[in-house]
Amino acid sequence: MPISVRLPDDSVRQLPDGATGTDLALSIGPRLAEAALAVRVDGKARDLKAPVRDGEKIAILTGKDPEGLDLLRHSTAHLLAHAVKRLYPDAKVGIGPVIEDGFYYDFQVAKPFTAEDLPAIEAEMKKIVAEGIEVTREELPRDDAAKLFRSEGELLKAEIVESIPQGEIISGYRQGDFYDLCRGPHVPNTSKLKAFKLLSVAGAYWRGDEKNAMLSRIYGTAFATQKEVDEHIQRLEEARQRDHRKLGRELDLYSFHPEAPASPFFHPKGTIVYNELVAYIRELYHKYGYSEVITPQIMDVALWKTSGHYENYADNMYFTTAEEREYAVKPMNCPGHCVYFATGKHSYRDLPMRIADFGRLHRFERSGVTHGLTRVRTFCQDDAHLFCAQDQIKSEMAAFLDLFYEVYATFGFGEIRVALSTRPEKRLGSDEIWDQAEGALAEAMTEKGLAFTLNPGEGAFYGPKIEFQVLDALKRPWQLGTLQVDYMLPERFELHYTQADGTEARPVMLHRAILGSLERFFGILVEHCGGAFPAWLAPVQAAVLPITDRVHPFATQVADRLRAAGLRPELDIRNEKVNAKIREAQLQKVPYMLVIGDREAEAGTVSVRHRSKGDLGVQPLETFLEALQAEVRSRAH
RNA sequence: GCCCACAUAGCUCAGUGGCAGAGCACUUCCUUGGUAAGGAAGAGGUCCCCGGUUCAAUCCCGGGUGUGGGCUCCA
């Protein structure tokens, strides 16, 4: 009795009873059968070896489908574990999931793997592929599976199985002498795994818990074809070229020194960029009705006890003592702003009060977590606190979103992820207050038509927060901007204002930052533009390049004129050929190069070259100057 | 903090149990040039720090510090 199945193009195919996904693929064509990895039935992936049933709607999955690619990677993770078990029989397997762009597998071994071990493991993987071992699904009751793993000494696997409810049927996959717990599906044969590469090793806690054993993790990637693997390796290499730590050195922007771990020294060029960022934000503060304050770096621990930081954040704070009085270096501006708010008596007419502060912050970060400019121990934020009434939260939030997106448009950041982080376990305040705060944020977002995800339990201890994330060159997500509702600090500092009816009320505090940490933003920005800053940020906006020393006087005049007009020229009077000067300026990613020879000196013109557009021809100096000024003023990117 | 790796000239990196190396950058001289490297000479070192092994340690061993890849953490 033949059965019929429907393909995605709605064509119907007859197959003999008991036919499998493999048979279906074969009936369509040998090339498809070769590429086939699994089938998808009703949106669920299934093994090729499983029989198809009459009336099913079936799609054949290959490495071209995102789902097929994940499966390929998952099977490659198993392949990795298989190879490791062959080479290191004592290794115990942990878990081996698919991640963005690849996979990893965790192992418990006496001696952690090092990068040198990878080629041998990879060679063994290729051997298993060449052997063309069949991969088969096996199902058994949960208790039997647990017993099986225990008897084989695979205690980590047994632990996972035992966390599954009793009575369930467990599926596993066998390839030759290797057996692994897995939901599946998997490729039908190891020969399907043709293109993969092991990338790195790292330590990782079992089940991600610091209290558990440290396992040895191997990261790898896999694609349908070797070409795609090569392209991926190429992309990783390009990302490394854009790494802000490398560019920071090459462009002379900042440096790090052992004397101050994880604390950047901004060089003159980096400082120009940094200050331009601050100047831009200040300009917007003026437009959006903010006031700026300057508050102390070091304050009595009493303040931090009042704010709750001493209790909740002391591990990340620096302390100092003078005249037997204990002080803390500020890790945040908010308590200082509460002190400022309490300085005067406020009316509802004063609200909202938007208090900005570019104060330097110090936070002790555990060694091992710091990273270039993106995770440092001293930084400053484009920080501000909005003191407002409860019914002003939504409008303040809306205004902030406008401000935020205006800034991000200026920098040309396209992909911004927005997430709402909700109450963490360690927190201040009652559940009612948290309900109110989380609700206000979510509502404001929804009314703005903003799509956002939830990060349950990731909120600050004093309130929920909205986080804006962008990705760096290596696609790592970084939090930059944020907005946080805070009912706690006004309470702790007993802040109040007089309402219209003469009664006193507690203001709500909104903590918010657009760029977040300027240091971190700087790092992300460098990677975003590959070091080629837009003209308004570029430390050197125009390199003045005389061809011969006969024209040095005119070249000097050109540089002086630009400088007098508020621009940032750099005069290169080194005894070098113009080719060398151009190359240098290109490598420094200077937006404009002004080549000056006898002809230009004679005519009072400059020969303009743009770092990416190339030779723009000869222009009168004033024409170029006005164009550059306009470009800078508009903050074009 | 935990696992692994790395640390040699300003930068990128070779190298060796017995005098410390290259390229680029730097300095000087020659060269005066037209849109991505002109030539020559010179100078430049606590081989990260402390201890151990050794006749002898930049190299081997131990500890520390810093950096990197991850994990955990991250207001």
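By convention in this document, chain letters (A, B, ...) are assigned in the order of the sequence lines, proteins followed by strands, and residues within each chain are numbered from 1.
Spacing between B:C61 and B:C24 at atom P, rounded to whole Å, works out to 35 Å. Comparing B:U16 with B:C60, their P atoms sit 10 Å apart, to the nearest whole Å. Rounded to whole Å, the C1' atom of B:A36 lies 26 Å from the corresponding atom of B:A41. To the nearest whole angstrom, the two P atoms, one in B:C29 and one in B:G23, are 23 Å apart. Taking the C1' atom of each, B:U8 and B:C49 are spaced 15 Å apart, rounded to whole Å. Comparing the C1' positions of B:C55 and B:G17 gives a spacing of 12 Å, expressed to the nearest Å. Taking the P atom of each, B:C4 and B:G62 are spaced 12 Å apart, rounded to whole Å. Spacing of C1' atoms, B:C11 relative to B:G38, comes out at 23 Å, to the nearest Å.
Atom CG in A:Asp252 sits roughly 13 Å away from atom P in B:U12 (whole-Å rounding). In this structure, A:His552 places its NE2 atom 14 Å from P of B:U32, rounding to the nearest Å. Separating the CG atom of A:Leu198 from the P atom of B:G70 is a distance of 16 Å, rounded to the nearest angstrom. Atom CG of A:Leu236 is separated from atom P of B:G70 by 10 Å (rounded to the nearest Å). Atom CG of A:Asp209 and atom C1' of B:C73 are 12 Å apart (whole Å). Here the P atom of nucleotide B:U72 and the CZ atom of A:Arg375 are 12 Å apart, to the nearest Å. Computed from coordinates, the A:Ile573 CD1 to B:U32 C1' distance equals 14 Å when rounded to whole Å. One atom, CG of A:Leu247, and another, P of B:U12, lie 12 Å apart when rounded to the nearest Å.
Residue A:Arg520 holds its CZ atom at 10.0 Å from NE2 of A:His371, rounded to the nearest 0.5 Å.
Partners of A:Glu396 by side-chain hydrogen bond (donor to acceptor under 3.5 Å, both in side chains), not counting sequence neighbours, listed by chain and number: A:Arg354. Considering only residues two or more places apart in sequence or on other chains, A:His337 meets the ring-ring contact (aromatic ring centres under 6.0 Å, His included) condition with A:His385. Applying the side-chain contact (heavy atoms from CB on, under 4.5 Å) rule to A:Thr453 yields the partners A:Ala419; only residues at least two apart in sequence or on another chain are considered.
Across all strands shown, A:Leu545 has no heavy atoms under 4.0 Å from either base or sugar-phosphate atoms. In this structure, A:Lys465 reaches the sugar-phosphate backbone alone: every heavy-atom distance under 4.0 Å involves primed, P, OP1 or OP2 atoms, never a base. At the heavy-atom level, A:Gly208 lies under 4.0 Å from the strands shown only through sugar-phosphate atoms. A:Asn579 comes within 4.0 angstrom of sugar-phosphate atoms only, judged by non-hydrogen atoms across all strands, and of no base. Within 4.0 Å of A:Gly372, counting heavy atoms only, lie sugar-phosphate atoms of the nucleic acid but no base atom. Across all strands shown, A:Val595 has heavy atoms under 4.0 Å from base atoms, whether or not it also approaches the sugar-phosphate. The residue A:Tyr219 sits close only to the backbone: its heavy atoms come under 4.0 Å of sugar-phosphate atoms, none of a base. When heavy atoms are screened at a 4.0 angstrom cut-off, A:Arg599 is found touching base atoms of the nucleic acid. Among the heavy atoms of the strands lying under 4.0 Å from A:Ala204 are primed sugar atoms or P, OP1, OP2 only; no base atom is included. Base contact: A:Glu600 has a heavy atom under 4.0 Å from a base atom.
Within 6.0 Å of OH on A:Tyr340 lie no more than 12 heavy atoms contributed by other residues, nucleotides or ligands.
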Between the protein and nucleotides 7-11 of chain B, are there any N/O to N/O pairs under 3.5 Å, and if so, what are the atom names and distances?
residue	atom	partner	partner atom	Å
B:C11	O3'	A:Arg249	NE	3.4

Please write out each protein N/O paired with an N/O of nucleotides 24-30 of chain B under 3.5 Å, distance rounded to 0.1 Å.
residue	atom	partner	partner atom	Å
B:C30	N4	A:Asn575	ND2	3.0

Between the protein and nucleotides 43-51 of chain B, list the N/O to N/O atom pairs that are separated by less than 3.5 angstrom.
none

Short heteroatom pairs, N/O only, protein and nucleotides 60-66 of chain B, under 3.5 Å:
none

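Between A:Arg366 and A:Glu210, at least one side-chain nitrogen of the basic residue sits less than 4.0 Å from a carboxylate oxygen of the acidic one, meeting the salt-bridge criterion. Remark: A:Glu602 does not engage A:Arg599 in a salt bridge, criterion side-chain N to carboxylate O under 4.0 Å. The existence of a salt bridge linking A:Glu311 and A:Lys305 is excluded, since no basic side-chain nitrogen approaches an acidic carboxylate oxygen closer than 4.0 Å.
Sequence order on RNA chain B of the closest nucleotides to A:Lys581 and A:Ser263 puts A:Lys581 first from the 5' end. When each of A:Arg363 and A:Phe256 is assigned the nucleotide of RNA chain B with its nearest heavy atom, A:Phe256 is the one assigned upstream, toward the 5' end.
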>> Wobble G-U and Watson-Crick pairs count when both distances are under 3.5 Å; given that, what is the 5' to 3' dot-bracket string of RNA chain B, with | for pairing to other strands?
In response: (((((((..((((....[..)))).(((((.......))))).....(((((..]....))))))))))))....
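Nearest to the side-chain atoms of A:Val369 among the listed nucleotides B:C71, B:G38, B:C4 stands B:C71. Here B:U72 is the nucleotide among B:A36, B:U32, B:U72 with the atom lying nearest to any side-chain atom of A:Glu210. Each of B:C71, B:G34, B:A36 was ranked by its minimum atom distance to the side chain of A:Val578; first place goes to B:G34. For A:Asp598, the side-chain atoms get nearest to B:G34 when compared with the rest of B:G34, B:C4, B:G69.
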>> Using salt bridge (charged side-chain N to carboxylate O under 4.0 Å, His left out), reason through A:Glu154 and A:Lys85 one step at a time and then give a plain yes or no.
In response: CA-CA 11 Å; A:Glu154 294 287 359; A:Lys85 288 290 281 183; 2.6 Å; yes
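Contact of A:Arg366 with B:U72 (side chain to base): a donor-acceptor pair of N or O atoms is detected under 3.5 Å.
By the 30° and 60° cut-offs, the orientation of the rings of A:Tyr105 relative to A:Phe107 is parallel. Using cut-offs of 30° and 60° for the angle between ring planes, the A:His244 and A:Tyr254 rings count as tilted.
Without hydrogens or angle criteria, A:His511 side chain to A:Cys334 main chain gives no donor-acceptor distance under 3.5 Å. Side-chain atoms of A:Asn316 never come within 3.5 Å of backbone atoms of A:Pro331 as a donor-acceptor pair (strictly under, hydrogens ignored).
Non-hydrogen atoms lying under 4.0 Å from RNA chain B are contributed by A:Pro112, A:Thr114, all within residues 109-121 of chain A. Listed in residue order, the members of residues 299-316 of chain A having a heavy atom less than 4.0 Å from RNA chain B are A:His309, A:Asn312, A:Tyr313.
Residue pairs meeting the salt bridge (charged side-chain N to carboxylate O under 4.0 Å, His left out) criterion with at least one member in residues 461-470 of chain A, sequence neighbours excluded, are A:Lys465-A:Glu467. Residues in residues 249-262 of chain A take part in these salt bridge (charged side-chain N to carboxylate O under 4.0 Å, His left out) pairs, two or more places apart or across chains: A:Lys246-A:Glu250.
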